[in-house]
Structure formats: C-alpha cells, structure tokens
There are 2 protein chains.
Amino acid sequence: MEQATRRATIADVARAAGVSKAAVSFAFNTPERLSSDTVARIRDVASGLDYRPDPVARMLAQRRTWTVGILTPQALDVIFSNPYFGEFAAGVATAAEAAGLAVQFISPLHGSLARAVDRASVDGIIAVGLGADHPEIGQIRRSGIPYVLVDSTALPDEPAILVDDETGAHAAAAHLVNLGHRMFLVIGIEPPSAGAAAEPAWVTSRRLRGYRAAAADAGIAIQDDAVVLGPASMEGGIEAFHQAWAAGLRPTAVLAMSDAMAIGALRAARELGLRVPADLSIVGFDDLDVAQYTDPPLTTVHQPNREKGEEAVRLVTDGGPRRNPLEPAQHQFATHLVVRGSTAVVPPVRQEVPDDKA
Amino acid sequence: MEQATRRATIADVARAAGVSKAAVSFAFNTPERLSSDTVARIRDVASGLDYRPDPVARMLAQRRTWTVGILTPQALDVIFSNPYFGEFAAGVATAAEAAGLAVQFISPLHGSLARAVDRASVDGIIAVGLGADHPEIGQIRRSGIPYVLVDSTALPDEPAILVDDETGAHAAAAHLVNLGHRMFLVIGIEPPSAGAAAEPAWVTSRRLRGYRAAAADAGIAIQDDAVVLGPASMEGGIEAFHQAWAAGLRPTAVLAMSDAMAIGALRAARELGLRVPADLSIVGFDDLDVAQYTDPPLTTVHQPNREKGEEAVRLVTDGGPRRNPLEPAQHQFATHLVVRGSTAVVPPVRQEVPDDKA
DNA sequence: TTGTAAGCGTTATCAG
DNA sequence: CTGATAACGCTTACAA
C-alpha cells in the first residue's frame with residue numbers, strides 16, 4: 001500500500017510555472033488574489049503535471065482535518081448489523097456532506113478504543129452509545145476535540161443528543177395496557193460493558209422506567225425476571241424470546257427496546273407457533289425503515305434516527321451561528337408511538353401452543 | 001470546531017524531559033532503541049503533559065495514513081438505506097481493524113465525487129458500484145493510490161471483487177421454471193448514471209443474462225417490458241412492482257436483483273391482495289440477514305457480502321505475501337440459491353384479486 | 001499582484 | 001545508545 005510513483009508537489013508546479021509556491025497555493029485556494037491569467041497558467045501547468053494538493057500536508061498546515069469521526073464502543077461489524085446504526089450514520093453523512101466534511105469511523109483498534117481515539121485525525125467526535133463509565137470519554141474530553149454524546153448518559157452541561165426514552169416507552173406500554181394486556185415480557189439492550197447495566201441513566205434503564213410507570217398506572221408490576229437482555233440485533237431478539245419462553249414465561253405482549261430485537265422476537269414467536277398479533281402483541285423501539293415491511297408491520301416507538309445524526313454533526317461543528325454558548329448544547333428529541341399491525345387486544349383465552357420447553 | 005487549548009507537542013515533551021525530539025519519538029515507536037529507564041522517564045513526562053502524538057503530523061512524516069476509503073458514487077444517505085451496504089461495510093471494517101487501519105467513507109462532496117477523491121487522505125480506495133463509465137476511476141488510477149473495484153465492471157487486469165452474478169441469477173430463474181412459472185417480472189437495479197444502463201457489464205445486465213438463459217432453457221423469453229428498474233431499496237421495490245402492475249403485467253413470479261427490492265415487492269404484492277407464495281413467488285438477490293426474517297422468509301441468491309468487504313481490504317493492502325503480482329488481483333466469489341418460503345409452485349388458476357389499476 | 005520565509009508536528013538520516 | 005538536523009508538502013503572515 002505504497003504510493004506508486006512520486007506525485008508532483010507544489011514545488012514542482014511552482015518551478016514549472018515559474019512562480020512561487022505561494023502563488024500555486026493561491027491559485028487553488030484563493031484565486032481572487034491572483035490575476036486571472038496567472039491563475040489560468042498555474043492551473044494549466046498543474047493539471048499537466050497531474051498535481052493534486054496533498055490532503056495530509058494541507059491538514060497539518062491548516063490544523064483542520066475536515067473530518068468528523070463516529071465513535072462506537074463496539075466493533076464496527078456488530079454495529080453495522082443493526083439497521084439503526086445505518087440510519088443514524090446516514091443522517092451524519094447527510095449533514096457532513098453539507099458542511100464539506102468527510103466521515104470517519106472510530107472503533108476499537110486491536111481491542112482498544114483509546115488507541116483508536118489517539119490515532120484518529122478528526123475535528124470532531126460523535127460518540128454513540130458510550131456509557132458514562134467508559135474511560136474514553138475522559139480521554140476525549142482531555143484531548144480538546146469537540147465531541148457530542150449520542151444515546152448515552154451525559155453530564156448536564158455536556159453536548160449531547162438524546163431522545164425522550166421514558167415518554168416513548170410509557171406510550172408503548174400504555175398502549176398494550178389499554179388493549180387489555182397484563183403479562184409482559186421486556187426485551188432490553190445489554191450494555192457494552194457489564195458495569196453500565198446498573199446505571200440508572202443507561203438507555204435500558206430509562207426505557208424500563210417508562211414501561212414500568214405505564215404498567216403501574218394500571219396496577220401492574222413488571223418483575224425483574226420478566227426482563228431479559230441481549231445484544232441489539234435480530235439474533236439477540238430471537239435468543240431473548242426463546243430464553244424467556246424456556247424459563248416458563250408466557251407473556252401476551254412483548255416490549256422490545258429495539259426494532260431489530262422486536263423483529264427477532266417476531267420470528268421466534270412464529271417458530272413457537274404463536275400468531276402475531278392474535279396470540280402475542282409486540283412493540284418495538286426505533287421505527288426503522290424495515291419496521292413498515294415486516295409481517296405484520298411493527299407497532300413501535302418512533303425516534304428520529306437520521307435527524308439525530310444530522311443534529312449531532314451540527315452540535316459538534318459548533319452548531320452554527322444560532323447556538324448560544326451559555327446554553328448547554330444538548331438536544332432532546334421527542335418520541336411517539338406508531339401503531340401498526342403487531343399489536344391487538346389480548347387474547348381472551350390463551351391458545352394451546354406447542355410447548356416443548358417449559 | 002477548533003482545538004481548544006494548544007496541545008503539548010513532541011518538542012514540549014523533549015524539553016521537559018531534557019532529551020531530543022527524536023528520543024521522544026523513539027520512546028513511543030521503537031522503545032527498544034532506547035535504554036529502558038530513558039523510555040520510562042520520557043513516557044512519564046509525556047503522560048504528565050497529556051501528550052499524544054499528532055496523527056496528522058505523523059501521517060505526513062510517514063507518508064502513510066493508515067486509512068482505507070470506501071468510495072461510493074451515491075450519497076451516503078442513500079447508500080446506507082440498503083442493508084447490503086451495511087453488511088459489506090461490516091466486512092471491510094473487520095479486515096481493516098485486523099490490519100490496524102481506519103475506515104473512511106468517500107462520497108460525492110457538494111455533488112462532486114472527484115473533489116471528494118482529491119480531499120480524501122487514504123492509503124487505499126475500495127470503490128463499490130462504480131461503473132466503468134465513471135471518469136473518477138481514471139482519476140483514481142492516475143493518483144497512484146491502490147484501489148479495488150467492487151461490483152463493477154473492471155478491466156481484466158484491474159484489482160476487483162466480483163461475484164458470479166450470471167450463475168446465481170440462472171439458478172434463481174431455473175428454480176422458478178421448475179416450479180412451473182412462465183410469467184416473470186424482473187426487478188432490476190437502476191444504474192447510478194444513465195449511461196451505464198446499456199453497459200453489458202453492468203450488474204443488472206449480468207444478472208439479466210442469467211435469468212434469460214434459464215428461461216430460454218425452458219423455451220421462455222423474458223421481454224424487455226417485463227423488466228423494470230429502480231433504486232436498490234425497499235421503496236424502489238414497492239415502486240417497481242406497482243409500476244409493473246399498473247402497466248398490466250400479471251406475473252406469477254418476481255425475479256428481484258436485490259433483497260431490499262424483493263422485500264419491497266413483497267410488501268407491494270400484499271397491498272394488492274396477493275398472497276406470497278400462493279399467488280406470487282418472489283426470489284431476491286444478496287441473501288441479507290433480514291431475508292431470513294421476512295414473512296415469508298425470502299428465497300434468494302446468496303452472495304458473501306461480508307467476505308467481499310474483507311477480501312477488498314486484503315486486495316487493496318497488497319494482498320499480503322501470498323499474492324503473486326503476475327496474476328491479476330481479481331477475486332470472484334461464487335453464488336448459490338437459498339430456497340426459503342417465498343417461492344412455490346405456480347398457482348393452477350390465478351385467483352381473482354383486487355385490480356383497480358389495470 | 002506576487003514572492004519570501006516561517007511555521008505545522010512528526011519521522012528519518014546520519015553523525016557522535 | 002543518543003541527539004541534531006533535515007525532510008514531509010502545504011498554508012499564511014509579511015514583504016516587495
């Protein structure tokens with residue numbers, strides 16, 4: 001992976017055009033400072049030499065990289081397996097392009113996120129799903145690079161993108177309660193590090209509070225053993241549902257904290273002979289594009305995945321002129337329930353279903 | 001997006017530790033060249049000063065960026081909407097991490113791919129879906145940066161990752177023919193640029209050849225008006241199917257060139273009151289993770305999405321020691337049909353279905 | 001309008 | 001084993 005032949009440098013162009021290096025630089029960056037025919041001549045010579053300014057040298061001189069980094073505590077291959085991330089990244093990419101910024105991914109290098117952060121040459125870091133217990137957040141803070149935390153627990157004065165998890169979760173559970181459901185299974189997202197599980201600010205904790213509040217309104221308690229955790233993927237959802245079923249749980253409704261997991265649960269339920277929504281209702285979270293195309297279409301809590309990405313870029317690039325530096329640069333998006341076909345009134349009598357595990 | 005306070009430089013550390021800049025560099029990069037207590041002292045001072053080598057300066061001096069770029073002719077937001085890309089990127093990320101490389105995305109900047117390529121500071125470029133008619137490929141070639149073409153038509157001696165589209169497509173169509181189908185709708189991927197549509201090497205052309213060959217074996221001709229093109233997304237699939245239906249086409253089987261489009265077709269068919277596979281069979285292409293979780297699970301042509309990404313990184317990073325420079329650095333993966341639930345024998349008599357459009 | 005020269009923060013070369 | 005010193009390729013005051 002070496003450069004083949006030595007590329008023309010600014011000095012080569014200057015020499016060939018009989019001007020100074022500065023003139024060449026001007027010809028490309030601020031042509032209005034040069035006479036138009038000088039510019040033309042320089043450009044001509046440059047393209048003849050196949051000259052292209054070295055982006056790295058320019059980064060060093062300008063001390064800007066024109067790049068934003070998306071930081072994830074998980075390896076990229078697991079991250080990309082959840083369509084949620086793709087939608088978020090699409091939002092980042094949109095805003096980045098508008099701002100003339102490149103997008104780089106920062107994920108653990110040889111198992112070390114810290115190393116990856118050190119190697120990353122970016123002007124801003126968008127950290128998604130980084131728990132407050134991750135030491136890297138301190139590292140980033142110290143590095144002086146602007147950053148924004150997404151979907152994680154931030155200090156009140158720290159730039160962050162959040163959504164109203166509790167309200168969304170509450171709406172989801174309330175919907176099921178209204179349909180007569182009383183026996184719930186909650187499928188939650190397991191934290192990247194074991195330590196974060198107990199954190200009250202971890203996303204799973206926040207959503208769980210919303211679920212429980214709505215259930216409590218109807219006098220129902222969601223016990224801890226009706227909450228099962230797994231990775232936020234379809235496989236994770238399948239696994240979680242089967243695990244709960246094997247443990248003897250017989251819910252009439254599932255509250256999944258991610259659409260990917262909800263789709264997995266859908267699949268697992270079908271494998272067990274349960275009809276959705278006749279025998280089992282399922283509510284997801286995220287409102288992914290695919291949620292419209294599952295069968296049945298998924299009832300889920302909407303959050304603006306792409307917009308979150310776009311806003312993250314804005315925040316990390318100083319938020320533009322409208323941002324008041326006195327206010328904390330946090331942005332919380334609203335969530336709302338989208339009712340589709342995966343939820344229905346509770347079955348009056350539970351059907352007999354194949355039950356080889358319990 | 002500026003650095004907050006001036007970061008400590010190697011010169012600061014050298015001064016504070018009473019050594020030369022070179023010594024500091026050694027302490028981090030080749031500590032074995034220094035006495036162990038010198039290293040310890042330098043490291044100590046460095047961490048006290050919160051010193052971190054500037055990645056950009058190091059890139060310039062080493063003339064390596066330790067970064068691979070994934071280049072796409074489409075904007076990132078549309079690209080990320082197709083899960084196929086996520087799976088491919090996951091593969092790239094896996095191999096990149098193993099090689100200690102960062103991953104950067106290169107997509108049109110302010111509408112110009114050329115500009116984006118110029119600004120990109122990468123050691124290698126993985127170009128996906130770049131038609132042979134794209135001028136950027138010449139630009140890349142000239143730049144001297146190693147590159148590999150994925151899913152596009154390459155010169156025979158050009159590094160490329162390909163799959164056996166024709167065989168896979170043939171298997172898909174043959175499967176349907178064997179089930180008794182005679183009336184097909186082909187849903188193809190529209191090219192990024194209009195010009196590429198006619199290219200015999202464009203992916204849509206390649207797959208279409210496979211479909212047609214299998215049909216021809218049974219004495220069936222797939223007419224041009226039974227082929228409809230759209231963007232490789234779920235929306236694209238919905239659109240395409242409705243368009244065909246509105247045009248009066250009444251296929252018993254759909255051959256979709258991407259799973260995303262197949263899922264869209266599934267959805268559209270259901271909206272029209274068609275049962276899959278009872279009334280309509282659908283075969284996709286890609287074998288995305290989600291293909292297992294649709295209802296019914298999708299019969300599709302498997303291609304190794306993640307492996308393609310991994311191999312692309314290997315090829316662009318010189319392919320390691322095993323590569324013979326005399327052989328063209330091309331890698332063609334095999335494809336095969338995966339039969340799931342979305343295909344069945346042709347309905348003996350077409351059911352009456354709602355038909356408000358034709 | 002154009003040129004000169006001093007950085008930018010490393011790594012690499014080559015004496016000591 | 002250690003330390004000056006010269007690249008690396010470009011931008012940007014400051015001069016002319």
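Numbered from 1 within each chain, the chains take letters A, B, ... in sequence-line order.
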Student: Within the 4.0 Å heavy-atom criterion, would you say A:Y51 contacts the bases, only the backbone, or no part of the nucleic acid?
Tutor: sugar-phosphate

Student: Under a 4.0 Å threshold between the charged nitrogen and the carboxylate oxygen, would A:E311 count as salt-bridged to A:K308?
Tutor: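 Salt bridge flag = no for A:E311 with A:K308.
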
Student: Return the orientation label for the B:F80 and A:F80 ring planes: parallel under 30°, perpendicular over 60°, tilted otherwise.
Tutor: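 Correct class here is parallel.
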
Student: Report yes if at least one side-chain N or O of B:S25 is closer than 4.0 Å to OP1 or OP2 of C:dT11; otherwise report no.
Tutor: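 Yes, B:S25 has a side-chain N/O under 4.0 Å of OP1/OP2 on C:dT11.
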
Student: What's the NZ-P distance between B:K21 and C:dC8, to the nearest Å?
Tutor: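 Computing the B:K21:NZ to C:dC8:P distance gives 10 Å.
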
Student: Would you kindly give the CZ-to-C1' distance between B:R119 and D:dC10, to the nearest whole Å?
Tutor: 13 Å

Student: Using nucleotides 14-16 of chain D, report all nitrogen or oxygen pairs with the protein that are shorter than 3.5 Å.
Tutor:
none

Student: Please find the pair of heavy atoms, one from A:L49 and one from A:A8, that lie closest to each other, and give the distance.
Tutor: O-CB, 3.7 Å

Student: Measure from CZ on B:R64 to C1' on D:dC8 and round the result to the nearest Å.
Tutor: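 B:R64 atom CZ is separated from D:dC8 atom C1' by 16 Å.
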
Student: Strictly below 4.0 Å: does B:S35 bring a side-chain N or O up to OP1 or OP2 of D:dT2?
Tutor: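 Yes, such a contact exists.
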
Student: Within the structure, does a side-chain N or O atom of A:S20 lie under 4.0 Å from either OP1 or OP2 of C:dG3?
Tutor: yes

Student: Which atoms form the tightest heavy-atom contact between A:I161 and A:F333, and what is the distance?
Tutor: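 Closest heavy-atom pair between A:I161 and A:F333: CG2-CE1, 3.9 Å.
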
Student: Out of curiosity, A:M59 CE to A:R64 CZ, how far, rounded to the nearest 0.5 Å?
Tutor: 11.5 Å

Student: Of the listed nucleotides (D:dT2, C:dT10, D:dG9), which one gets closest to any side-chain atom of A:L60?
Tutor: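 Of D:dT2, C:dT10, D:dG9, D:dG9 is nearest to the side chain of A:L60.
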
Student: Could you tell me which residues satisfy salt bridge (Lys or Arg N to Asp or Glu O under 4.0 Å) with A:E136, sequence neighbours excluded, listed by chain and number?
Tutor: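 Counting only residues at least two positions away or on another chain, A:E136 forms no salt bridge (Lys or Arg N to Asp or Glu O under 4.0 Å).
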
Student: With nearest nucleotide decided by heavy atoms, which residue, B:E32 or B:A61, maps closer to the 5′ end of DNA chain D?
Tutor: B:E32

Student: Between C:dT4, C:dT1, D:dG9, which one does the side chain of A:A57 approach most closely?
Tutor: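 Of all the options, the side chain of A:A57 is nearest to D:dG9.
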
Student: Quick one: do A:V92 and A:I126 satisfy side chain to side chain contact (heavy atoms under 4.5 Å, CB included)? Show the steps, please.
Tutor: CA-CA 9 Å; A:V92 170; A:I126 297 173; 4.1 Å; yes

Student: Could you check whether A:Q330 and A:D157, counting side-chain N and O atoms only, form a donor-acceptor pair closer than 3.5 Å?
Tutor: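 Short answer, no.
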
Student: Report the distance from atom CG of A:L49 to atom P of D:dG9, rounded to the nearest whole Å.
Tutor: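 That distance rounds to 14 Å.
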
Student: Walk me through it: do B:V117 and B:L109 pass the test side chain to side chain contact (heavy atoms under 4.5 Å, CB included)?
Tutor: CA-CA 9 Å; B:V117 171; B:L109 207 52; over 6 Å; no

Student: Name the closest nucleotide to the B:R58 side chain, picking from D:dG9, D:dA4, C:dT11.
Tutor: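 Looking only at heavy atoms from C-beta outward on B:R58, the closest nucleotide is C:dT11.
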
Student: Determine the minimum heavy-atom distance between A:A93 and B:L76, stating which atoms define it.
Tutor: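 Minimum heavy-atom separation between A:A93 and B:L76: CB-CB, 3.2 Å.
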
Student: Quick one: stems involving DNA chain D, counted as three or more successive Watson-Crick or G-U pairs, both distances short of 3.5 Å.
Tutor: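 For DNA chain D the paired stretches long enough to count as stems (3 pairs minimum) are C:1-16 with D:1-16.
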
Student: Could you state the atom-to-atom distance from CG of B:D54 to P of C:dG7 in whole Å?
Tutor: 18 Å

Student: What is the nucleic acid contact for A:A22, judged by heavy atoms within less than 4.0 Å: base, sugar-phosphate only, or nothing?
Tutor: base

Student: Would you classify A:V19 as touching base, sugar-phosphate or nothing, given that sugar-phosphate means primed atoms plus P, OP1 and OP2, and contacts are heavy atoms under 4.0 Å?
Tutor: sugar-phosphate

Student: Take atom CZ of A:R63 and atom P of C:dT10, then tell me their distance rounded to the nearest Å.
Tutor: 12 Å

Student: Taking atom P of D:dC8 as reference, at what distance in whole Å does atom CG of A:D12 sit?
Tutor: 11 Å

Student: The side chain of A:T38 is closest to which nucleotide in this list: D:dG9, C:dT10, C:dT1?
Tutor: C:dT1

Student: Measure the distance from CE on B:M59 to C1' on D:dC10 and round it to the nearest whole Å.
Tutor: 16 Å

